There are 2 protein chains.
Amino acid sequence: MRRVTIKDIAKEANVSYATVSRALSGSPEISEKTRAHVLEVSKRMGYTKNYIAHAMVKKRTGLIGLIVASVKNPFMSELAFHIEQHAMLKGYNLMLCNSSHDTERERQVFEVLISRQVDGIIIVPTSAETHRHLAPYLETTPTVFVGENLRDAAVSYVAIDNYRGTRIGMEYLYGLGHRDILYFGRRKGSVTHQLRANGYIDACEEAGIEPMICHSSYTSSSIQNGYQLAKTLLAKPIDYTAVFAATDSMALGFMKATSELKIRIPKDLSLMGFDNIQYAELPRIDLTTIEQPQQAIAATAVDTLLERINNPQAGYAHHVLSPKLIERGTCKQLSDTE
Amino acid sequence: MRRVTIKDIAKEANVSYATVSRALSGSPEISEKTRAHVLEVSKRMGYTKNYIAHAMVKKRTGLIGLIVASVKNPFMSELAFHIEQHAMLKGYNLMLCNSSHDTERERQVFEVLISRQVDGIIIVPTSAETHRHLAPYLETTPTVFVGENLRDAAVSYVAIDNYRGTRIGMEYLYGLGHRDILYFGRRKGSVTHQLRANGYIDACEEAGIEPMICHSSYTSSSIQNGYQLAKTLLAKPIDYTAVFAATDSMALGFMKATSELKIRIPKDLSLMGFDNIQYAELPRIDLTTIEQPQQAIAATAVDTLLERINNPQAGYAHHVLSPKLIERGTCKQLSDTE
DNA sequence: GCATACAATGCAAACGTTTGCGTTATCTTG
DNA sequence: CAAGATAACGCAAACGTTTGCATTGTATGC
């Protein structure tokens, strides 16, 4: 049950297999007549090109690797979708790996992808240290980081302006009359979170209001972690009228806790998220949040990767996209007669 | 900036490259001394095996292709995650493709994956016709179908017992006192939906209650489609106390419509889903539903695929897993004094 | 009509591995 | 110590493509 190769076609069509190769790859230095003949024969015999052999000689696989913490995560899955679509458009296919928030695992799959000769790698790092662990590989393997704002590292990345994101959100909350706004779930070890928190703090300062920050000691943002953190937070007196969560996941965890405690959102408390994951627009959730333009992120990520592949000696590219407020139902105007 | 190959190591270590290959692949016919030496040199030179060349001679890539309609879909992304994890465990990597619910696209990516010499393919078909379109490839490429119950087709598949799923759900609703239960979003062109509807109908018959079915003319189940369908349905008088949605997505669409119409769930109407996608357990959603055991499905899918790869002449395997009721907050006991 | 140019095709090497087989060296056995 | 067995390693082919170069055939220019 051997698959039909170029040699089989050559024999059948009475030409050398170089000719077959040229006919199939659309080389100009071949007569139209023989090309037509070869195409006919190869179609008849059901030939499909062997990309492995092709990659062998061309030293190009047409593959790009994608490393995420977990495609289960709605943010990552959406990104993965758009990356695959855009890559497909450009003639590339996708190899998907999950690192499960594990730095060692991250390194392992990176090595595997290199072994598999992918032309480049797109990675959503699990920590701000990731690019350090990967440093030895980064000079030989075109790589672009997604999500983290790695200004000072010698890497290409695409991310949003996280600082501006929280500023935009704060402006909105301020406009609704809120003055006591708690920032929920600030986390160490991520530049993204650093920047978001900074945006919050600066906004407070400019407005002359007191920042209140609820720190998260978890290493990742998830609904579960948000829920746990919210439970301890809400056990204490509530001296704020709005909550700005560091991520949508944390916001949902917070929401879960408030549901249990019969705290009504937005009636008793306004809630704002960040990321605009798919969950946010679900009925009953209807979370007001700051959007990361996933499709644009995905497209720029593969474009800068391809750029890097085709032009390795060029400098590192930094793309910072704009976040956007998505107004839904979890934030309400603070009544003057409080 | 050439990558270091086996030949480079051979030269450096003063052995033939056959010896290097044997040392690296753990062949027994080599002395411990030279193996240690070769390993040391290859480590020092930063060698990484070229899987493409390896695949070339072994005629095995260690790759499995996964085709889904869209990883954006929470059901698919969860599946993709577990498939990747399980495949990784068995030494395989994953190539991910989205078909976007398009049969022609489905065929295209199937061909691409074959070209890329994947050892096998796992596909979540978009329609009950998919395996017909793919028929020419199926005899030469190990494939397993996931989700659809393709009893009569010459394919391997893993799915859940969808018929039993609705039966279980109906039993539960009946136990809560419901007698007027509407089945929401029955769809043509999918065996899965056929079976679920049958389970509903048979349950009605046995209980001596009248089946009520709201048909969907959409070609896929989504929140949006569920929402549209629910709006026209809810414009008519409501002569039922519970709604059994064909899928969680449809249930969420229904929920969105009820939110707008101030119909309270579960107070005014009980709602049951099917699939237990991640959304279902979110706060405020809290959807009672029938679970598809995703991790088990993923594991059996890759196991039967590997089985098929290593033993192509064996018969087709049909794995039918058991669904399970997940009790949450959208169904309530029907008060006797209605 | 002959030299020249160019178009069309064939030959064979190369990509980086694995592996059957042949060769050498070492060991065992009587 | 000779002969046979076995362990360790090298040689070279093979996997299915692409492509530089050589070769052949045909058209062009004078």
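Computed from a predicted structure; not experimentally measured.
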Could you check how far CZ of B:R22 sits from P of C:dG16, rounded to whole Å?
20 Å
If I take atom CZ in residue A:R60 and atom P in nucleotide C:dG16, what distance separates them, rounded to the nearest angstrom?
16 Å
Within the pair A:T19 and C:dG10, is there a side-chain N or O less than 4.0 Å away from OP1 or OP2?
yes
Tell me, please, which residues at least two apart from B:R22 pass side-chain contact (heavy atoms from CB on, under 4.5 Å).
B:A18, B:S27, B:E29, B:I30
Separation of atom OH in B:Y17 from atom P in D:dC11, rounded to whole Å
9 Å
Given D:dA12, C:dT19, C:dG10, the nucleotide with the shortest approach to the side chain of B:S21:
C:dT19
Both B:K58 and B:A18 contact DNA chain D. Which one's nearest nucleotide lies toward the 5' end?
B:A18
Salt bridge check: are A:E40 and A:K43 linked by an N-O gap of less than 4.0 Å?
no
Pairs under 3.5 angstrom only: tabulate donor-acceptor contacts from the side chains of residues 145-154 of chain B to other protein residues two or more places apart or in another chain.
unit_1: B:E148; atom_1: OE1; unit_2: B:V191; atom_2: N; d: 3.0
unit_1: B:E148; atom_1: OE2; unit_2: B:S190; atom_2: OG; d: 3.1
unit_1: B:E148; atom_1: OE2; unit_2: B:T192; atom_2: N; d: 3.4
unit_1: B:E148; atom_1: OE2; unit_2: B:T192; atom_2: OG1; d: 2.6
unit_1: B:N149; atom_1: OD1; unit_2: B:Y157; atom_2: OH; d: 3.1

Would one find a side-chain N or O of A:K59 under 4.0 angstrom from OP1 or OP2 of C:dG16?
yes
Would you mind telling me which of C:dT9, C:dC21, D:dT18 lies closest to the side-chain atoms of A:V57?
D:dT18
Ring pair (Phe, Tyr, Trp, His ring centres under 6.0 Å) contacts in which one or both residues fall within residues 86-132 of chain B, not counting sequence neighbours:
B:F110-B:Y137
Grab the NZ-P distance between B:K7 and D:dA12 for me, whole Å please.
12 Å
Do A:E106 and A:T126 get their side chains close enough for a donor-acceptor pair, meaning under 3.5 Å?
yes
Rounded to whole Å, NZ of B:K11 lies from P of C:dG16 at a distance of 12 Å
Can you list, in residue-number order, the parts of residues 27-54 of chain A that come under 4.0 Å of DNA chain C, counting heavy atoms only?
A:E29, A:I30, A:S31, A:T34
Listed pairs under 3.5 Å, donor-acceptor, residues 65-77 of chain A side chains, sequence neighbours left out:
unit_1: A:S70; atom_1: OG; unit_2: A:K72; atom_2: N; d: 3.1
unit_1: A:N73; atom_1: OD1; unit_2: A:F75; atom_2: N; d: 2.7
unit_1: A:N73; atom_1: OD1; unit_2: A:M76; atom_2: N; d: 3.4
unit_1: A:S77; atom_1: OG; unit_2: A:P74; atom_2: O; d: 3.2

Does a side-chain N or O from A:S16 land closer than 4.0 Å to OP1 or OP2 of C:dC11, or not?
no
Between B:T5 and C:dG16, is there a contact of a side-chain N or O with OP1 or OP2 at under 4.0 Å?
no
What is the distance from CG of B:L24 to C1' of D:dC9, rounded to the nearest Å?
15 Å
Would you mind writing out the side-chain donor-acceptor pairs for residues 46-59 of chain B within the sub-3.5 Å range, not counting sequence neighbours?
unit_1: B:N50; atom_1: OD1; unit_2: B:I52; atom_2: N; d: 2.8
unit_1: B:N50; atom_1: OD1; unit_2: B:A53; atom_2: N; d: 3.1

Base of C:dG16, side chain of B:R2 - is there a donor-acceptor contact under 3.5 Å?
no
Can you find an N or O donor on one side and an acceptor on the other, under 3.5 Å apart, linking the side chain of B:R3 with the base of C:dG16?
no
Measure the distance from CD1 on A:I9 to C1' on D:dT17 and round it to the nearest whole Å.
12 Å
